[in-house]
Amino acid sequence: MAVRYEHIHTCAQTGARYGILHTPSGSFETPIFMPVGTQATVKTLENDEIHEVSDGLILANTYHLWLEPGVDIIAAHGGVKGFSKWDGALLTDSGGFQVFSLSDIRKIKEDGVEFRHHKSGAKLFLSPEDAIHIQNTLGADIIMSFDECPPFNSDYDYMKQSVERTIRWAKRGKDAHRHPETQALFGIVQGGPHIDLRRHCAEELKAIDFPGYAIGGLSVGETKGEMYQVLDEVVPMLPDDKPRYLMGVGTPDDLIEGVSRGIDMFDCVYPTRMARHGTAVTSHGKVVIKNKTYADDMGPLDDRCDCKVCTTYTRSYLRHLFKSEEYLGLRLISYHNLYFLKNLMAEIRQAIQQDRLADFRAEFFERYDK
RNA sequence: GGGAGGGUAGCGAAGUGGUUAAACGCGGCAGACUGUAAAUCUGUUCCCUCAGGGUUCGAUGGUUCAAAUCCGUCCCCUCCCA
């Protein structure tokens with residue numbers, strides 16, 4: 001197996017897990033947050049900075065890299081890591097989410113998905129086998145099953161049909177997988193809000209046997225309460241000796257709630273996108289740095305943060321960078337936001353080991369606004 | 001001195017008798033953003049006690065039921081010719 005999960009401790013207060021994820025590119029403490037670098041770049045940051053603000057495991061996206069620059073160019077570099085010169089660990093998403101997010105220009109068939117290129121309009125086709133083979137070439141340590149991520153509120157019959165297809169695609173993907181010894185293929189549990197469908201999907205995927213399991217189809221517009229309910233039900237369905245990955249989740253509160261429910265891995269665009277749009281994530285909540293109130297604010301972005309941005313620059317300066325559309329602003333907030341989540345996860349891990357995650361959660365929300 | 005064109009909300013710029021507090025862009029002020037088609041999108045932007053009311057379109061005096069829009073006078077700007 002390419003990836004092995006070593007369970008070390010369960011928080012007595014919450015049931016949250018502390019463990020170590022062993023991968024071909026290193027071992028990582030969990031729970032872990034993984035920054036997203038869709039186009040083989042965590043937007044605005046360079047590799048040495050990514051190391052500073054992450055735990056060394058990041059994402060890239062099959063769909064986008066397949067289209068641009070194409071598999072051949074990446075293969076010529078020996079894979080995504082050779083291409084971007086990222087020397088940490090890597091996970092690639094399969095493109096399943098893009099089937100959902102580009103839904104107005106796709107046709108889902110049993111054999112795969114017909115897309116229209118979102119820029120050129122060219123007709124493209126991606127099968128579960130293609131998605132795995134592309135990921136085999138991209139060369140990530142962890143690769144994902146090609147799933148369908150339907151809208152949360154899809155009607156039951158469609159959701160059932162979709163889940164069945166996702167299960168069949170998962171099996172086909174595993175059969176097509178060429179490097180199971182160096183790349184761990186994770187299955188993805190779908191089913192929307194329907195617990196029976198979630199259970200069915202989880203059982204079938206466990207029967208196929210994957211080295212890790214993801215929960216998909218969440219953080220797609222449903223309420224937080226709905227998401228937590230699904231987690232409450234679904235996490236216990238997953239094996240204890242395998243990593244559990246909640247896809248697409250990354251607000252500070254959701255990370256804490258997810259960990260408390262037994263999740264080990266997260267990824268999210270949230271910190272980097274918010275940063276580029278001018279919002280910092282801090283221990284006190286969101287700071288919309290463009291707001292006039294920060295024009296003459298001599299304080300740091302987050303008075304509890306020790307990252308180089310918070311220990312160097314004033315809010316006033318950061319606001320100035322955004323108001324004058326200077327690139328440095330995007331970089332600095334991106335850096336801080338990721339650092340903040342990295343630090344948050346480290347605190348969470350420590351709290352789990354000390355059996356005090358519930359206390360930590362209470363303390364965190366005490367000062368965290370909204 | 002002669003000729004031509006202009007002065008509209010913070011800026012630029014439409015509008016040339018009524019449905020105009022006045023298009024649109026920029027700027028300003030807010031909001032959204034969760035497996036990244038996103039350095040994007042949305043709202044708002046004369047004043048107030050804001051489902052209503054009050055003052056506007058260089059100034060001033062008229063015409064009209066009604067004017068940013070028509071007429072008179074004045075002020076200012078740009079360009080061309082001397």
Side-chain angles (χ1 to χ4, degrees), chain A residues 33-45 58-65 67-68 91-106 115-121 131 135 140 142-150 152 166 186-190 212-224 226-228 231 245-255 257-258 263 265-281 286 288-295 319 321-334 337 341 370:
Chain A
F33 175 79
M34 306 177 285
V36 178
T38 301
Q39 310 267 18
T41 162
V42 175
K43 295 185 193 297
T44 79
L45 300 181
I58 65 174
L59 257 71
N61 185 274
T62 301
Y63 174 82
H64 291 285
L65 293 176
L67 295 180
E68 189 69 47
L91 182 155
T92 45
D93 187 23
S94 63
F97 186 74
Q98 279 59 42
V99 175
F100 165 64
S101 63
L102 306 175
S103 63
D104 50 330
I105 48 173
R106 63 98 164 88
F115 288 96
R116 288 237 174 226
H117 186 136
H118 57 268
K119 288 178 184 167
S120 72
Q135 292 188 85
I142 299 170
I143 67 178
M144 300 304 296
S145 228
F146 187 64
D147 64 333
E148 183 192 348
C149 182
F152 192 75
T166 284
F186 282 20
I188 304 174
V189 177
Q190 291 286 354
Y213 295 89
I215 299 174
L218 293 179
S219 63
V220 290
E222 79 283 7
T223 66
K224 285 175 185 285
E226 287 172 321
M227 179 169 85
Y228 301 155
L231 290 180
Y245 166 24
L246 176 55
M247 306 187 77
V249 163
T251 63
D253 49 329
D254 285 347
L255 291 174
E257 297 299 338
I263 298 295
M265 303 166 67
F266 303 85
D267 79 280
C268 196
V269 133
Y270 186 82
T272 45
R273 178 183 290 165
M274 293 295 276
R276 271 175 281 121
H277 295 172
T279 298
V281 184
K286 288 192 264 187
V288 182
I289 201 65
K290 285 188 281 194
N291 286 4
K292 194 183 187 110
T293 178
Y294 303 117
R319 175 176 193 268
L321 292 178
F322 267 87
K323 297 307 287 184
S324 51
E325 295 183 61
E326 286 292 338
Y327 299 142
L328 183 60
L330 311 180
R331 282 170 41 69
L332 295 181
I333 307 284
S334 293
N337 281 359
L341 291 191
K370 183 178 175 225

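These figures come from a predicted structure and were not determined experimentally. Chain naming here is simple, since letters A, B, ... match the order of the sequence lines and numbering starts at 1 in each.
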Using a cut-off of 4.0 Å on non-hydrogen atoms, how would the nucleic acid contact of [X] be classed: base, sugar-phosphate, or nothing?
| X | answer |
| --- | --- |
| A:D93 | base |
| A:T279 | base |
| A:K224 | base |
| A:G95 | nothing |
| A:Q190 | base |
| A:I188 | base |

- Message: If you assign each of A:T272 and A:R319 to its closest nucleotide in RNA chain B, which residue comes earlier from the 5' end?
- Response: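 Nearer the 5' end of the strand: A:R319.
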Using purine N1 to pyrimidine N3 plus N6-O4 or O6-N4 for Watson-Crick, or N1-O2 and O6-N3 for G-U wobble, each under 3.5 Å, what pairs with [N]?
| N | result |
| --- | --- |
| B:C50 | none |
| B:C74 | B:G58 |
| B:U16 | none |
| B:C26 | B:G10 |
| B:U34 | none |

- What orientation do A:F186 and A:Y245 show, parallel under 30°, tilted 30 to 60°, or perpendicular over 60°?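 A:F186 vs A:Y245 ring planes: perpendicular.
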- Message: Under the rule for ring pair (Phe, Tyr, Trp, His ring centres under 6.0 Å), what residues qualify as partners of A:Y270, not counting sequence neighbours?
- Response: none
- Kindly write out the residues that satisfy ring pair (Phe, Tyr, Trp, His ring centres under 6.0 Å) with A:H277, not counting sequence neighbours, or none if the list is empty.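 A:H277: no ring pair (Phe, Tyr, Trp, His ring centres under 6.0 Å) contacts found.
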- Query: Taking only residues two or more places apart in sequence, or in another chain, which ones meet A:R331 in a salt bridge (charged side-chain N to carboxylate O under 4.0 Å, His left out)?
  - Reply: A:E49
Close N/O contacts between protein and nucleotides 39-44 of chain B (under 3.5 Å):
unit_1, atom_1, unit_2, atom_2, d
B:A39, OP2, A:R276, NH1, 2.5

- Message: Any donor-acceptor pair, under 3.5 Å, between the side chain of A:D147 and the base of B:G35, if you only look at N and O atoms?
- Response: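 Present.
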- Donor/acceptor link under 3.5 angstrom from A:D254 side chain onto base of B:U34: yes
- Message: How many whole angstroms separate atom CG of A:L67 from atom C1' of B:A37?
- Response: 10 Å
- Message: Rounded to whole Å, how long is the line connecting atom CG of A:L255 with atom P of B:G35?
- Response: 12 Å
Below 4.0 Å: OP1/OP2 of [N] and any side-chain N or O of [X]:
| X | N | value |
| --- | --- | --- |
| A:K286 | B:A30 | no |
| A:S219 | B:G35 | no |
| A:N291 | B:G31 | yes |
| A:Q98 | B:A37 | yes |

- Report the residues that fulfil side chain to side chain donor-acceptor pair (under 3.5 Å) with A:S324, sequence neighbours left out, ordered by chain and then residue number.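 By the side chain to side chain donor-acceptor pair (under 3.5 Å) rule, A:S324 matches no residue at all.
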- Item | Residue pairs involving residues 215-224 of chain A (criterion salt bridge (charged side-chain N to carboxylate O under 4.0 Å, His left out); sequence neighbours excluded) |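 For residues 215-224 of chain A, and leaving out neighbouring residues, the salt bridge (charged side-chain N to carboxylate O under 4.0 Å, His left out) pairs sorted by first residue read A:K224-A:D253, A:K224-A:D254.
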- Message: Would you say the rings of A:Y63 and A:F97 are close, in the sense that their centroids are separated by under 6.0 Å?
- Response: no
- A:T92 and A:Q135: side chain donor to acceptor below 3.5 Å: yes
